[in-house]
Protein chains: 2
Amino acid sequence: MQVVHPSLRMFGIRTPLIRPGDNIVDILIDALEKQGVELQDNDILVIAESPLATSENRLVRLEDVEPSKKAEELALEYQLDPREMELILQECDEIFGGVPGAALTITDGTLSPNAGIDSSNAPEGYVVLLPDDPQGSAEVIRRDIEKRCRCHVGVIVGDSRTQPLRLGCVGIALGSSGIVPVEDVRGSVDLFAKEMKITRKAVADNLVSAAQLLMGEAGESIPAVLIRGAPVQTTKESVGMPLFSPDECMYYSNIRKQ
Amino acid sequence: MQVVHPSLRMFGIRTPLIRPGDNIVDILIDALEKQGVELQDNDILVIAESPLATSENRLVRLEDVEPSKKAEELALEYQLDPREMELILQECDEIFGGVPGAALTITDGTLSPNAGIDSSNAPEGYVVLLPDDPQGSAEVIRRDIEKRCRCHVGVIVGDSRTQPLRLGCVGIALGSSGIVPVEDVRGSVDLFAKEMKITRKAVADNLVSAAQLLMGEAGESIPAVLIRGAPVQTTKESVGMPLFSPDECMYYSNIRKQ
């Protein structure tokens, strides 16, 4: 029997600056062609949320935002621009607290600083909101790519997140399509044939973290990364990011709501 | 000017079952040779903590553990084996709370369930503690590999972690040597030549998450992954995981100590 050694490859996709109204699939396919990379079955594309949101017209000019009284108060507390704070209040589900420069929010069920609103990689005086529906965007992009390239792909919309008590940002998936984003490994056995205690692998989050090794955070013009050969479960059904039960979360039960 | 498109490759390293007292460098070099992979300058090896800890004799037989009264009480609260709870108390710096099956601890400055103690991939009736000094182990392994293979490598000791309000485990670096584990990107500029707001990239954590795509969590006998071509900062100095100031952490300030 031949032993298979798992391996994978990743390619950064370099594109021109992405602007409001751009078609991101056009841009990605064009860039891949220029790099001489042809999409294959089960390739996975990780796309950064900020250029995607830009293409989806999610840029907001701060001058156009009128902060509420609550936004003014919280802006003072967290040392944020009151207009950005107003957008955070509009975008997030809840605010839990924060530190100077960052309000800790839950937005679309995900913990994030400042409701994911980003002034980096936006023109001066503007901020980029998160894509309105990252899961939906991943679906639409996947179907469009599959139609054009006649192969099954996975598409993940990725973002950066800080972790509790750790320095530095890692990857997180806001939406995913074409792969199973969280694999349930309950019932599989360990090296000693005992049932596994670790129950789920955050495959989509790990794919985003892997992609960020090539993406960078600054002006590197690599808004997407192609991952080839990752041994993950693919699917043609629509499998979104699974909902999490806060009761199961050992962190949540210890996060005090302000 | 030729445009460089960043890319990287990853290889899973398949080994025999690692046992207490094994020399992990012997095992890895032997496995790489069998796979026909020769180490190159700036290759990065991610090694899972559990097989490393096993080789370092960090297996504990639960029968030999006498739980204290406090361990008995907490075991009841978190639905854990009182003997495992005793080990958690011995290993961790602090306990913050938890959910059934997991006590939330700070161990060596890092948030982790159950002080990182693992009964998966340990023989029946045993648990594996974390490596005693993952940072030191990464150093020692790197120097040994560099001496034998005459090239500069990075070595990371990786573990699995759950994230707040997310389903599934991602990667985290417990120790790293030969690379800069957290890159400071303050001062670099974004696509619009504005200074970046995101300040640091958790490169070592992202490398572990990437490696976990090939490692799996169950009985797959892939305790290490080789990452080639990652555009990360290498170093010959001893750079450990940086300390984190809890004041800066937007999560910590909202975690209530029990």
Side-chain angles (χ1 to χ4, degrees), chain A residues 3 5-12 14 17 35 96-99 102 104 111 113 119-121 123-124 160 164-171 182 185 188-192 194 196-198 200-202 205-206 209-210 212-214 217-219 230 242 244 248-256, chain B residues 3 5-12 14 17 35 96-99 102 104 111 113 119-121 123-124 160 164-171 182 185 188-192 194 196-198 200-202 205-206 209-210 212-214 217-219 230 242 244 248-256:
Chain A
V3 180
H5 304 295
S7 69
L8 65 79
R9 298 192 67 173
M10 291 175 30
F11 309 88
R14 200 180 288 276
L17 186 65
Q35 287 181 224
F96 276 94
V99 291
L104 177 57
L111 277 176
S119 59
S120 305
N121 295 315
E124 189 69 47
S160 291
L165 281 187
R166 295 289 282 184
L167 264 181
C169 288
V170 296
V182 177
V185 293
S188 61
V189 294
D190 70 8
L191 289 166
F192 296 87
K194 289 191 281 88
M196 290 297 295
K197 251 190 147 175
I198 286 174
R200 294 182 187 90
K201 292 165 64 177
D205 289 341
N206 280 343
S209 289
Q212 291 198 342
L213 293 168
L214 298 183
E217 289 289 346
F244 188 80
E248 285 186 87
C249 176
M250 64 173 183
Y251 300 99
Y252 189 88
S253 57
N254 295 284
I255 289 177
R256 180 181 50 219
Chain B
V3 180
H5 303 295
S7 68
L8 66 78
R9 298 193 66 171
M10 292 175 29
F11 309 87
R14 202 180 286 275
L17 186 65
Q35 288 181 223
F96 276 94
V99 289
L104 177 57
L111 277 175
S119 60
S120 304
N121 295 316
E124 189 69 47
S160 291
L165 282 187
R166 293 289 281 184
L167 265 181
C169 288
V170 296
V182 177
V185 292
S188 61
V189 294
D190 69 10
L191 289 166
F192 295 87
K194 292 191 280 86
M196 291 297 295
K197 251 191 149 174
I198 286 174
R200 294 183 188 90
K201 291 165 65 177
D205 289 341
N206 279 343
S209 289
Q212 290 196 343
L213 293 168
L214 298 183
E217 289 289 345
F244 189 80
E248 283 187 89
C249 176
M250 62 174 184
Y251 301 98
Y252 189 88
S253 57
N254 295 285
I255 289 176
R256 179 181 50 219

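Naming: A, B, ... by sequence-line order, numbering from 1 per chain. Since this is a predicted model, take the numbers as computed values, not measurements.
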S.K.: Name the option with the most non-hydrogen atom pairs under 4.5 Å to chain B; the candidates are Gly12(A), Gly171(A), Ser209(A), Ala210(A).
M.R.: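 Option with the greatest count: Ser209(A).
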S.K.: Considering all heavy atoms of both residues, which atom of Ala202(B) and which atom of Val170(A) are nearest to each other, and what is their separation?
M.R.: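 Heavy atoms of Ala202(B) and Val170(A) come nearest at CB-CG1, 3.7 Å.
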S.K.: Heavy-atom distance under 4.5 Å between the side chains of Leu213(A) and Leu8(B), does that happen here?
M.R.: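 Yes, close enough: below the 4.5 Å cut-off.
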S.K.: Answer yes or no: is there a side-chain heavy-atom contact under 4.5 Å between Arg14(A) and Pro6(B)?
M.R.: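 Result yes, sub-4.5 Å side-chain heavy-atom pair found.
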S.K.: Which atoms form the tightest heavy-atom contact between Leu111(B) and Pro164(A), and what is the distance?
M.R.: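 Distance-wise, the nearest heavy atoms are CD1-CB, 3.3 Å.
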S.K.: To the closest 0.5 Å, what do you measure between CZ (Arg200(A)) and CG (Leu167(B))?
M.R.: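 Arg200(A) CZ to Leu167(B) CG: 5.0 Å, rounded to 0.5 Å.
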